[in-house]
Amino acid sequence: MEQFTTVIGALNVGFYQTLKLFFVTLLGSIPLGLVVSFGSMSRFAPLRWLTRTVVWVIRGTPLMLQLYIIFFIPGMVLPGGSPWPAGYSGRFLAASVAFIINYACYFSEIYRGGIQGVPAGQQEAGLVLGLTKRQIFFKVTLLQMVKRIVPPMSNEIITLVKDTSLATVISIQEIIWAGKAFLKSSHGYSGLMWPMFFTGVYFLAFSGVLTLLFDALEKKLDYFK
Amino acid sequence: MALLEVKNIEKHFGDTQVLRDISFSLTEGQALAIIGSSGSGKTTLLRCLNFLETPDSGTIAVRDKVIFDAADPTTQLEGEVREKRLHFGLVFQNFNLFPQYTALQNVTLALHLRDEGNKHREAIDDRGRELLEQMGLADRAGHYPHQLSGGQQQRVAIARALALKPDILCFDEPTSALDPELTGEVLKVIRGLAEQKTTMIIVTHEMAFARDVADEVIFMDEGVIVEQGPAREVIGNPREERTRQFLSRYSET
């Protein structure tokens, strides 16, 4: 029993890091994704192609590789050495940047689908009623876009819950890192296998809560088609 | 005095010329039907009047005031266009109702947004309900578009266009997206508007309807006005060979 309490305590500490990375990523990538999506729909062709190339590279390479590159490469090429602060806070910052960029690119494509999915007739109907472009966006198209993006966003956000574990490759002490530590030795125990497996329960519970939340949101938007 | 005076409108999409030297006028209280095969430029003409397309040349005047002149960019400033397009109302083929709003909210949205400080909230809602009642939809005010039939949706769209009291109400094939059994209820409403002397421009494929309801008819083909005149004459006894051919194709189907 004492072992269980100790392990749970350690896993909770790890899970706190998981949650922190999760929410920091959302906070950064949800707005950044909108900027990227505008770039990818820009009428200015060079900006459009630049943005789409970046999105292609980020979506076309493993997040794990991006974590390594963002953490290590700046220190190797910049004359002043690594821009990341020394120690854990620097690693966490680097991980956050990598996750935010990666997820912003995925979100941007979802936004683009949502924005382009609203029929042009909605905009035109607003125009002939003398609405301003601003009014058309906020009063007519925005909610229709939100309705369209909620299901793919919920999918992506639940993927993010699990992707946070990748940050362990640059020694972010998230929950799998905390669980794995018991294999060697941690908190006076060594050779414990079950804590690592037990982390799955945390992931399941968290994604379960998110699923319920998104289902509720979808239901709330179900009053119109 | 002509309420609407359209002069020498031309419009290209890339290399294709879709409107050639279109000129016509419309008197207050008249209903004008525009007929012609698909691709003849009818819809583009209607969209030009509503500032959804910008003609390459020509002028549009309402009550003797030029509201659009292709040669004068000052008539095309965004803020002013927004006010000027209110001379016209437009009913779309696909209704284009706002799905997240009820029938009543669809009708009143633009009025509420123009009502600064929300001073006339109740009056606007009353006006919206009145319009829906006029469309025979008094009991559907709280329904969302997806809960309504196509014919009901189109009638809400007509009420929405009427809410802003346009000088000229335009219809772009208002029954083309409807199941045949639903066209009647929409045509009946438009007929009612014609009886109340609403100034209208109706792009339609319903020849019998155009003949009975419109005062004037314009037949368009390949971007030009081929024939124009009193509805009964153009449809009942066309002068031009092309009009005759078009109408005979219609009576066959």
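Proteins come first, then strands; the chains are lettered A, B, ... in the order of their sequence lines, and each starts at number 1.
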Gap separating the [atom1] atom of [X] from the [atom2] atom of [Y], nearest 0.5 angstrom:
{"X": "L129(A)", "Y": "L113(B)", "atom1": "CG", "atom2": "CG", "answer": "9.5 Å"}
{"X": "Q147(B)", "Y": "F224(A)", "atom1": "CD", "atom2": "CZ", "answer": "12.5 Å"}
{"X": "Y101(B)", "Y": "L143(A)", "atom1": "OH", "atom2": "CG", "answer": "7.5 Å"}
{"X": "K139(A)", "Y": "H112(B)", "atom1": "NZ", "atom2": "NE2", "answer": "10.5 Å"}

Taking atom [atom1] of [X] as the centre, report whether more than 12 heavy atoms of other residues, nucleotides or ligands fall under 6.0 Å from it.
{"X": "R121(B)", "atom1": "CZ", "result": "no"}
{"X": "E218(A)", "atom1": "CD", "result": "yes"}
{"X": "K180(A)", "atom1": "NZ", "result": "no"}
{"X": "Q196(B)", "atom1": "CD", "result": "yes"}
{"X": "K225(A)", "atom1": "NZ", "result": "yes"}
{"X": "Y223(A)", "atom1": "OH", "result": "yes"}
{"X": "F13(B)", "atom1": "CZ", "result": "yes"}
{"X": "E181(B)", "atom1": "CD", "result": "yes"}

*Answer with side chain, backbone, both or neither: which region of Q122(A) has an atom nearer than 4.5 Å to a non-hydrogen atom of chain B?*
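Both parts, backbone and side chain.
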*Side chain, backbone, both or neither: which part of K147(A) has an atom under 4.5 Å from a heavy atom of chain B?*
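No part of it gets close to chain B.
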*asked:* Please rank Q100(B), H146(B), R47(B), R82(B) by heavy-atom pairs under 4.5 Å with chain A and give me the top one.
replied: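 Heavy-atom pair counts peak at Q100(B).
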*chain A: which of P99(B), C170(B), A110(B), G79(B) shares the most heavy-atom pairs with it under 4.5 Å?*
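The candidate making the most pairs under 4.5 Å is P99(B).
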*For a side chain to side chain contact (heavy atoms under 4.5 Å, CB included) with V128(A), tell me which candidate from L164(B), N50(B), N96(B) qualifies.*
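With V128(A) as partner, L164(B), N50(B), N96(B) yield a single side chain to side chain contact (heavy atoms under 4.5 Å, CB included), made by N50(B).
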_Out of V140(A), L221(A), T141(A), return the one with the most heavy atom pairs under 4.5 angstrom to chain B._
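Heavy-atom pairs under 4.5 Å are most numerous for V140(A).
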*If every non-hydrogen atom of A125(A) is compared with every non-hydrogen atom of F98(B), which pair is closest and at what distance?*
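Reported closest heavy-atom pair: CB-CE2, 3.8 Å.
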*Let me know if L97(B) has heavy atoms under 4.5 Å from chain A in its side chain, its backbone, both or neither.*
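For L97(B), the contact with chain A is made by the backbone alone.
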